[in-house]
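Let me begin by presenting the structure, written as structure tokens, before commenting on it.
Per chain, numbering begins at 1; letters A, B, ... match sequence-line order.
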Number of protein chains: 2
Amino acid sequence: MEEFHTNIGENIKRIRKERNLSLDKTSELTGVSKTMLGQIERGKSAPTITTLWKIASGLRLSFSSLVSQYKPNVTIVKKKEVNPIIENNGQYRVYPLVPYNPEQQFEIFSVTLEPGCEHIAEPHTTGVEEFILVNEGTLEVVVNEQVYIVEPEDTLIFKADRPHIYRNNGDHIVKCSVVIHYSSQ
Amino acid sequence: MEEFHTNIGENIKRIRKERNLSLDKTSELTGVSKTMLGQIERGKSAPTITTLWKIASGLRLSFSSLVSQYKPNVTIVKKKEVNPIIENNGQYRVYPLVPYNPEQQFEIFSVTLEPGCEHIAEPHTTGVEEFILVNEGTLEVVVNEQVYIVEPEDTLIFKADRPHIYRNNGDHIVKCSVVIHYSSQ
DNA sequence: TACATACGTGCAATATAACGTCCAAACTCT
DNA sequence: AGAGTTTGGACGTTATATTGCACGTATGTA
């Protein structure tokens, strides 16, 4: 993510090698200088979208084939090592486990609500859908003035483009996993 | 195409306005300076992919929603105004009518073969498919040592990742439309 | 009117993308 | 082995992306 452009470099180099093209030949096909191509491949510079466009066009590639991320087979995220976002005086804590990324258009949080906590969430943009999987405690969610009671092991799915409220009316802590999906209109 | 980055600017501005965001707020969400955002929106500068990444992530957008081209409703391409690519001493002429573009992953040519012309085409990369629609004359195409006779109003479809030969053995000119599709593996 | 706030843009400084030229290593050919 | 060719990378220069600061305009408020 912070080293995002290295992906593109690797993709270009792989495709170039698959086609047995030299940097010179690729430069000729794309109209991008050999030096620049080499630097992009080695991750030494991040191209502007105009040069990326030239590369994609010259090599007859789609954008997605260039920006596609290399995914490690296995990744483990330790919640203890994730800095939570604190709200409601620490009663409402959000742990971003899988941050958003333009390719996979969703993000995953773990959310904790202390007993008595009521959190009012801003409406998201249109097309956003939330999936709430309750792990512990009983969660109350208000959407469209309607109250939904979500028991442990139950899941609530709703369009989050309107204001909604999370509430823990029990005396036990509430822990839930939240997946937010952003549909690019 | 040459003014490609203006598209992205328009897309960002449109989305930002839809969400009632100021440049300041957008800068805060994306980590890209307000000035830069303004320049990108106005087409005054072409962002690098790292800043585009920041914008897409901060605004929870996909890449495709940012790079999507504005398509005019109607476009007319006059073959007379298209510079053909000349080969075989002018006996083989290729008119690029619709150039390749990374979004729509194909290109369209009009091809003319004078009588007696034989053109040997380089193999394309794997995954490339050709669609040949013969308009005038009778075209012979050799693929995998197999000769195919394509009469007027007939269409030949074949995977073009191997050498192939176009031949006009008749005494009438051959004109055909060719669509080449590149599947981004 | 005067003041305040929010918004978009202009300007100067800096970082870096993009280019042309040159160079060293590897690979052909006799 | 030696000359020529191809390859990828290094260096210096130019173009431009990116930033922070400041300015002008609009809108609302007392």
Counting C-beta onward and ignoring hydrogens, is there a side-chain heavy-atom pair between B/Ile15 and A/Thr125 closer than 4.5 Å?
no

Which one, C/dA18, C/dA17, D/dA17, comes nearest to the side chain of B/Ser45?
D/dA17

note: B/Glu28, atom CD; C/dA6, atom P; distance rounded to Å ~ 12 Å

Would you classify B/Lys44 as touching base, sugar-phosphate or nothing, given that sugar-phosphate means primed atoms plus P, OP1 and OP2, and contacts are heavy atoms under 4.0 Å?
sugar-phosphate

NA contact type, B/Ser33, heavy-atom cut-off 4.0 Å: base, sugar-phosphate, or nothing?
base

Could you tell me whether the side chain of B/Arg19 reaches within less than 4.5 Å of the side chain of B/Leu59, counting heavy atoms only?
yes

C/dA17 P sits how many Å from A/Ile49 CD1, rounded?
14 Å

Roughly, in whole Å, what's the span from CZ in B/Arg19 to C1' in C/dC7?
19 Å

When rounded to whole Å, the CD1 to P distance for the pair B/Ile12 and C/dG8 reads 14 Å

Considering only side-chain heavy atoms of A/Lys34, which listed nucleotide, C/dC19, D/dG9, C/dG8, is closest?
D/dG9

Provide, to the nearest angstrom, the distance between the CG atom belonging to B/Leu23 and the P atom belonging to D/dG24.
19 Å

Where each residue is assigned the nucleotide of DNA chain C containing its nearest heavy atom, which of A/Thr48 and B/Gly38 is assigned the position nearer the 5′ end?
B/Gly38

If you define the side chain from C-beta out and look only at heavy atoms, does anything of A/Pro123 sit under 4.5 Å from A/Asp161?
no

Could you tell me how far apart A/Gln39 (CD) and C/dT16 (C1') are, to the nearest whole angstrom?
10 Å

Can you tell me how far P of C/dA15 sits from CE of B/Met36, to the nearest Å?
16 Å

Base C/dG8 to side chain B/Thr35, donor-acceptor N/O within 3.5 Å cut-off:
no

Looking at side-chain heavy atoms only, is the closest gap between B/Ile132 and B/Val150 below 4.5 Å?
no

How about A/Lys78: does its NZ atom have over 12 heavy atoms from other parts shown lying under 6.0 Å from it?
no

Verify the contact: side-chain N or O of B/Ser22 to OP1 or OP2 of C/dA6, cut-off strictly under 4.0 Å; return yes or no.
no

Atom pair distance, as rounded to whole Å: CD in A/Glu41 and C1' in C/dA17:
16 Å

